[in-house]
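Here, residue 1 is the first one in the sequence, and each next residue gets the next number.
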Amino acid sequence: MEFVQTLSSSPLISPSHSRSFSFQNMAADSLLNPIFLRFFTASLHCILLLILFISWLCKKFGSNDNETQKHIVSHTSLFIYYRSTLKFSCLGFALFNLLLCLLNLFYWCPNSDEKILILSDLGLKTLAWFALYLFLRIHLLNSIVLRLWWVLFFLVSCYCLVIDFFYYKKRQVVITLFWVSDIVSSVMGLVFCCIGFLCKENEEDAILQEPLLNGGEESKGDETLTPYATAGVFSLFTFSWMSPLVSLGYNKTLNLEDVPELDSSDTVRGALPILNDKLESYCVESRKITTIMLAKGLAFTAWKEIALSAVYALVYTLASYVGPFLIDSFVQYLHGKRNLKNEGYVLVSAFFVAKLFECLAQRHWYFTVQQAGYRARAALVAKVYNKGLTLSCQSKQGLSTGEIINFMSVDAERIGEFGWYLHDPWMVILQVALALAILYRDVGLASLAGLVATVLVMLTNFPVGSLQKKFQNLLMKSKDERMKVTSEILRNMRILKLQAWEMKFLSKILELRKMEKKWLKKYLYTAAVTTFVYWIAPTFVSVVTFGACMITRIPLESGKILSALATFKILQDPIYKLPDTISMIVQTKVSLDRIASFLSLDDLPQDVVEKLPDSSEIAVEIIDGNFLWDVAYPIPMLKEINFRVSRGMRVAICGTVGSGKSSLLSCILGEMPKISGLIRVNGTKAYVAQSPWIQSGNIEENILFGKEMDREKYEKVLDACSLKKDLEILSFGDQTVIGERGINLSGGQKQRIQIARALYQDADVYLFDDPFSAVDAHTGTHLFNKCILGLLGSKTVIYVTHQVEFLPAADMILVMKDGKIEQAGKYNDILKSGSEFMQLVGAHEEALSALDSMDLVTTANGEEKILRNDENDEVIDNSGETKGQLVKEEEREKGNVGLSIYWKYITTAYGGVLLPFALMAQILFQILQIGSNYWMAWATPESKDVPPPVRGSTLILVYVALSIGSSLCVFGRGLVVVRIGYKTANTLFNKMHLSIFRAPMSFFDSTPSGRILNRASTDQSTVDLKMASIVTNFAFSIILLLGIIGVMSQAAWQVFIVFIPVVAVCIWLQQYYIAPARELSRLCGVHKAPVIQHFSETLSGASTIRSFDQELRFRDISMKLIDGYSRPKFHSVGAMEWLCIRLDVLSLVTFAFSLIFLISIPIDPSVAGLAVTYGLSLNMQQAWVFRNLCNMENTIISVERILQYTSTQSEPPLVESNTPQTHWPLHGEVDIRDLQVRYAPHMPFVLRGLTCTFFGGKRTGIVGRTGSGKSTLIQTLFRIVEPTHGQISIDGINILSIGLHDLRSRLSIIPQDPTMFEGTVRSNLDPLEEYTDEQIWEALDKCQLGDEVRKKAGKLNSSVSENGENWSVGQRQLVCLGRVLLKKSKVLVLDEATASVDTATDNLIQRTLKQHFSESTVITIAHRITSVLDSDMVLLLDDGLVKEYSSPEKLLEDKSSSFSKLVAEYSMRSSSSFENVSNARA
């Protein structure tokens, strides 16, 4: 057998006329014959196919013997990585053999027998390796069989390579295909063997660990460190450290537990100390933090990443200009001008290496800057959180919760995203310089004209940038205002629905959105102009440059033209990025300014309260204290405060509404700004606020409040706070999840949980701000005796109270009036000495006068009997009910984002009719662009010696015409896209908000406001600013990619041989990637809301948190939540780069083979050069397509989340066709029949068959133990909760048959939690603007607030801060009274309406109500028995059932009635003397 002596000029192909191996005498040296070895390897792969087929049959029809092994191995993420590597290696090797097969079919032309054998060998290899890849995806092949195959394959490949070598030494020729095939096979065999042995060690470890695993659960990501922290160089460069997570996400739905922990340097704990240290070092002289300081501090948190990314950006920039630099040489080579031996392959290698460096540098540049951005964002969010926790009350007055949340959710996010643009300023300069250098080589001095044109284009961006800055600033301000109002509305949605005001407040949000839309529209159209400048820039620069060449008579050659066009194409990127960079710098500057201003606000002074030594007998002392809330208002709120409290004393603070009682407690806590004086406190503090602050979480967590569980102590606290029976009624006991702000608890339950929290802390000083007003009489007595007199008997207790009956037990009483301590002393002493205290006591005695004529048993034995009776009440067994927590986990879609989401988004604006116009404009643009470049390549000669086909003027005019046409297409496309995005964003906004405002109250009870705010801010911003461009960019990128492939295939159609399988692999990779990427993106969305919600809760409860000295624990919780959000963010970026680097390498393969085809086949050099010009951007364009696809898949989740809230369950109609008559209700008779109510289908019944009638024009009092269903009955009357069964009729009309607004607008209510909105006194009393000023003043006078409002400078226009914080709780309750006095309804509900006012004010309110609602049906829920004693009827509820219902006289006659016992207890408690209380204590 002989070889041909001559080989092809190409190292990869043999000439068509060559002879190769023959089959003659093959048996004589068969084992040394390369042809026979092809037959041998083909046979081996046939055996492999047979083994795979048999294994598949066994898996299909046999037992699951290997399930245990699969189960064990699945526990290790390392094995997942190895298995993923195996699959990719098998697939890659199969594609490699397919490529050799195709090359052999088209180019290698040995004799027919050899050709058939080689094709058979390569075909069988392709099939076998592809089958092995599929098998590894579906099943896990027996590891021993796999390892045997790896070893055998490696040995055979090495043997074949050795035979090739010796045969070449002997005969001086071997077909190059054999060399390539055997070298690659040997390398792959070695790789497979290494993986096999690594898998073996790992599998053994897994088997050893199996008995220790708990039920086979998968290892948790939050127990493992990210592989990035320990990855090797190769793993880091190829992003292979992401492979285990990507593989895991492909096989299952990812949860946060599956995502590994961040490296310590990327966590908040690693980044925040650096930021704090830098800011402290900058703020030595001044406490003010400037924008520059903040920017420098953030840069230092990630300086290593910033420096490393700068190196990557530099390498990327230099490598990206190698292609344009070499194009002229490549075209000259194709024209036959050769300077080197094998110059074609040298050029191909140079192109390939440059593109490889470009790809790697770009991917790591992108990853590193995002890593730096996320680290800076995490540190900034934590810094904002810590500032919110220490912010002074004065500083808070100028900011709402919504505004502060925006610093975290929007501004910090934008600053984190600035990493993308960090290096653009210096890169633009470098890129322009490199471009000009190449242009100078190509067109000489005409490059100066190109420089001038480039500068002009860049300068046009500055006015656009300043406009964007202006619009961005105004857009953010209007958004802040909207979010502020939205946050307030969501907090108070219950009162809005009770008053039928929700549509009015929705219109308020829509008005704010209208202003926001104005700036949004201008911002988007400005962005469209920058896009137009981007696309017209290279055209303008090229026209000016080529025009200058014509004028200066510089000859244009095809190679130099193509080099210049490629340079202009690259120059397009920095020119385009410049406006984006300017815009981003502007936006980031605005955000930095806002956050720096926030961080510069005054903190609560740490030295206001002095700490007394433990040895001191003084517990609390204030000397000459003067305090105020508003520093701008110089008159002190509290004046000349002097008192001293010794250890173990009980101090009561009393006074009328607005006298300064709560403010005095705030002084002791250090919350109120001090003008002068001294405050001293000894030991730790515990504080119970007047308005309960309850955290989201379960009841146990709220009580423990960070302390370790001490079961004995815990049980004592539950008993003292009378919580045990409540926990027995609740489905999940103390594990019941509390809704946001305790929404699913009654006011009394929230207050008692607050008290339990304070008791469990075992502090030295206890401060209670009127906690007994929110509970009924019996519970109040129990709390006072068990808590104040019992568990806290030896502690220092200072309590504010309106209940005079609790005053005698105090060692000292402070009587407040107009911000001063009017009287101080013991009960009997001050009773004799002053009139102020006498007025309070006199009002109390007046309230008790109704009891004087009643013969009641008030002995101690009677009290014991009552308590025993209450404690032995039967507990409802709800075990038969379907139980479930009220607050559910946030909805999170799983799996693919349905096409319906895309379709809904596309068709939201104008039914989608504008989208085809945008696509047509893009297609025309692409055609015109290619046409203009093809024209320049065709119409210019190959050298200056060859005459041009057309005149120079014709050349330029045609080019200009085509370029202008393409630019106009882009401009039209940009306008259409902006219109689509703007219209869609507003439509979705309106739909979501209407759906939210029409949702039933149960939706708000079970949905924390943070989730809604997240959609209204972050997701809405995404839809406003990004979504339209992202969706259309995906379509446009596909069109651009098809254009590039079209140009390349025009030059060499053979590129499809490589392109089609490469695209197939890219699509598969994208599908492999998108499942984990989608879930990581959803995890980002789901885990951002808890950060915001925790921050919102912290802001509202900051004083409570500070009083318990719990700042450190809350900071730790915040850091954990921030890292919980950063983890999926970080790994989402890693996954994206994992995909992109693989796509880049695959597209690089396409480009390399296209270059080989171009130098191997005869072709027009100009067309070939044009193909290379476009091919240089192939890898970026191909990666851009898939990046846009992935980005779109990830970003569309914002649309998905908004659409979730556009389809929430709606309340019944606001207005029905059968609208009641104008004067309805005429009598106000409320008839209730078999009423059964529960808050959700999965929750137990609260009302369980209640039947009674509230007579028209009568006063009905509702009493019952806390949690008995009183407030639920009222909510059902207003249809806040719909009855499950039964009905309520008012004047004979079933309330279910009329519209909600028709019902609610005809009823009036003073709710349990007094609510005021930010605005003015007028807007709070009359938000619907239905009444005159005279009517409003009249109502204010009737509710005892007229004089208070007249004192204020703005009168009715006096400002009310967020939540009415600048009004006391009692004053807020009086404002609620003013609202009902204006409305004058026939049915009035008082839901513990006087709980927060003193007895004297309560008496005034009762007299006012009697006077103005004498002919109305008044339904009163009250904890003060005196409030219901003068009712016509009393309804006593017990566990959702009517226990007693009759007139108070009849119920009091029956000494065994529960109501009689309740009144007896209240009477006994209220008339007790100081001595009796002292005896009780003893």
Checklist entry - Can Val645 and Glu621 be said to form a side-chain contact (heavy atoms from CB on, under 4.5 Å), step by step? => result CA-CA 6 Å; Val645 179; Glu621 184 178 28; over 6 Å; no
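- Here the side chains of Leu389 and Tyr385 are in contact, with some heavy-atom distance below 4.5 Å.
- Using a 4.5 Å heavy-atom threshold, the side chains of His1094 and Ile1117 count as touching.
- Scanning all heavy atoms of the two residues, the minimum distance from Ala619 to Leu612 falls at O-CD1, 4.5 Å.
- A donor-acceptor contact closer than 3.5 angstrom is absent between the side chains of Tyr799 and Asp769.
- With hydrogens and angles disregarded, a donor-acceptor distance shorter than 3.5 Å links the side chain of Asn682 to the backbone of Ser616.
- In terms of heavy-atom proximity, Gly819 sits nearest to Ile641 at O-CD1, 3.8 Å.
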Item to check | Asp1116 and Arg269: CA distance, side-chain angles, deciding distance, salt bridge (charged side-chain N to carboxylate O under 4.0 Å, His left out) verdict | outcome: CA-CA 9 Å; Asp1116 287 342; Arg269 294 182 190 280; 3.4 Å; yes
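- Defined by atom type and a distance below 3.5 Å, a donor-acceptor pair is missing between the side-chain atoms of Thr796 and Tyr766.
- Under the 4.5 Å side-chain criterion, counting only non-hydrogen atoms from C-beta, Met1119 is in contact with Leu272.
- For Phe598, the ring-ring contact (aromatic ring centres under 6.0 Å, His included) partners at least two apart in sequence or on another chain are Phe407.
- In this structure, Arg1113 forms a cation-pi arrangement with Phe705, its terminal cationic atom sitting closer than 6.0 Å to the ring centre and no more than 45° off the ring axis.
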Checklist entry - For Glu671 and Arg1106, what are the C-alpha separation, side-chain angles and deciding distance, and is it a salt bridge (charged side-chain N to carboxylate O under 4.0 Å, His left out)? => result CA-CA 9 Å; Glu671 297 286 327; Arg1106 289 192 289 260; 2.6 Å; yes
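- Here the closest non-hydrogen pair linking Arg650 and Ile788 is CD-CG2, 3.3 Å.
- Taking the side chain as every heavy atom from C-beta outward, Ile821 and Asn642 never approach each other to under 4.5 Å.
- Nearest heavy-atom pair across Cys721 and Leu759 is SG-CD1, 3.6 Å.
- Atom CZ of Arg1115 is separated from atom CD1 of Ile1122 by 12.0 Å, given to the nearest 0.5 angstrom.
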Next on the checklist: Between Lys817 and Glu822, is the salt bridge (charged side-chain N to carboxylate O under 4.0 Å, His left out) condition met? List the steps.
Outcome noted: CA-CA 6 Å; Lys817 183 180 180 182; Glu822 193 74 14; 5.5 Å; no
Checklist entry - After noting the C-alpha distance and the side-chain angles of Phe768 and Leu792, does the key distance pass the side-chain contact (heavy atoms from CB on, under 4.5 Å) rule? => result CA-CA 12 Å; Phe768 292 91; Leu792 303 181; 3.7 Å; yes
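- Although no hydrogens or angles enter the test, the distance criterion places no donor-acceptor pair under 3.5 Å between the side chain of Thr801 and the main chain of Asp770.
- One distance of note links CG of Leu638 with CG of Leu628; it measures 9.0 Å at 0.5 Å rounding.
- By the 4.5 Å heavy-atom criterion applied to side chains, Asp624 and Leu678 are not counted as neighbours.
- Side-chain contact check for Leu391 versus Leu604: every heavy-atom pair is 4.5 Å or farther apart.
- With hydrogens and angles disregarded, a donor-acceptor distance shorter than 3.5 Å links the side chain of Lys639 to the backbone of Asp818.
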Checklist entry - Does the side-chain contact (heavy atoms from CB on, under 4.5 Å) test come out yes or no for Leu767 and Ser1107, once each step is laid out? => result CA-CA 9 Å; Leu767 306 173; Ser1107 68; over 6 Å; no
Checklist entry - Where do Glu700 and Gln735 land on the side-chain hydrogen bond (donor to acceptor under 3.5 Å, both in side chains) test, with the steps shown first? => result CA-CA 6 Å; Glu700 181 187 286; Gln735 298 305 307; 3.0 Å; yes
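- Using a cutoff of 4.0 Å between basic side-chain nitrogens and carboxylate oxygens, Glu728 and Lys724 are not scored as salt-bridged.
- Counting only distance, with no hydrogens or angles, the side chain of Lys820 and the backbone of Glu640 share no donor-acceptor pair below 3.5 Å.
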Checklist entry - Should Asp710 and Tyr760 be marked as a side-chain hydrogen bond (donor to acceptor under 3.5 Å, both in side chains) after you check the CA-CA gap, both sets of side-chain angles, and the distance that decides it? => result CA-CA 9 Å; Asp710 179 340; Tyr760 194 83; 5.6 Å; no
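- When all heavy atoms of Leu791 and Ala720 are compared, the closest pair comes out as CD1-CB, 3.5 Å.
- Of the inter-residue distances, the one linking Asn492 atom CG with Met1316 atom CE reads 11.5 Å to the nearest 0.5 angstrom.
- Annotation: side chain of Ile813 is not in contact with side chain of Val651 (no heavy-atom distance under 4.5 Å).
- Rounding to the nearest 0.5 angstrom, the gap separating the SG atom in Cys667 from the CD1 atom in Ile622 is 5.5 Å.
- Counting heavy atoms from C-beta outward, Met816 and Ile653 have side chains that approach closer than 4.5 Å.
- Ser1096 places no side-chain N or O within donor-acceptor distance of the main-chain N or O of Ile1092, the cut-off being under 3.5 Å.
- The distance from the CZ atom of Phe1095 to the CG atom of Leu1099 is 4.5 Å, given to the nearest 0.5 Å.
- One side chain, Gln754 or Arg757, offers a donor N or O that lies under 3.5 Å from an acceptor on the other.
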Checklist entry - Hey, mind stepping through Arg644 and Val620 against side-chain contact (heavy atoms from CB on, under 4.5 Å) and telling me if it holds? => result CA-CA 6 Å; Arg644 175 186 291 180; Val620 178; over 6 Å; no
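- With hydrogens and angles disregarded, no donor-acceptor distance shorter than 3.5 Å links the side chain of Glu1348 to the backbone of Leu1345.
- Residue Ser663 comes nearest to Met637 through the heavy atom pair OG-CE, 4.2 Å, listed as atom of the first residue, atom of the second, then distance.
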Item to check | Full working for side-chain hydrogen bond (donor to acceptor under 3.5 Å, both in side chains) between Asn626 and Ser676 | outcome: CA-CA 5 Å; Asn626 289 282; Ser676 62; 3.1 Å; yes
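- Taking CG of Leu789 as the start and CG of Leu783 as the end, the distance is 11.0 Å to the nearest 0.5 Å.
- A salt bridge links Asp603 with Lys387: the closest approach of a Lys/Arg side-chain nitrogen to an acidic carboxylate oxygen falls below 4.0 angstrom.
- No side-chain donor-acceptor contact under 3.5 Å links Asp734 to the backbone of Ile699.
- Panel note: side chain Trp693, backbone Ile1105; no donor-acceptor pair is recorded below 3.5 Å.
- Listed for the His782 side chain is no donor-acceptor partner under 3.5 Å among the backbone atoms of Cys787.
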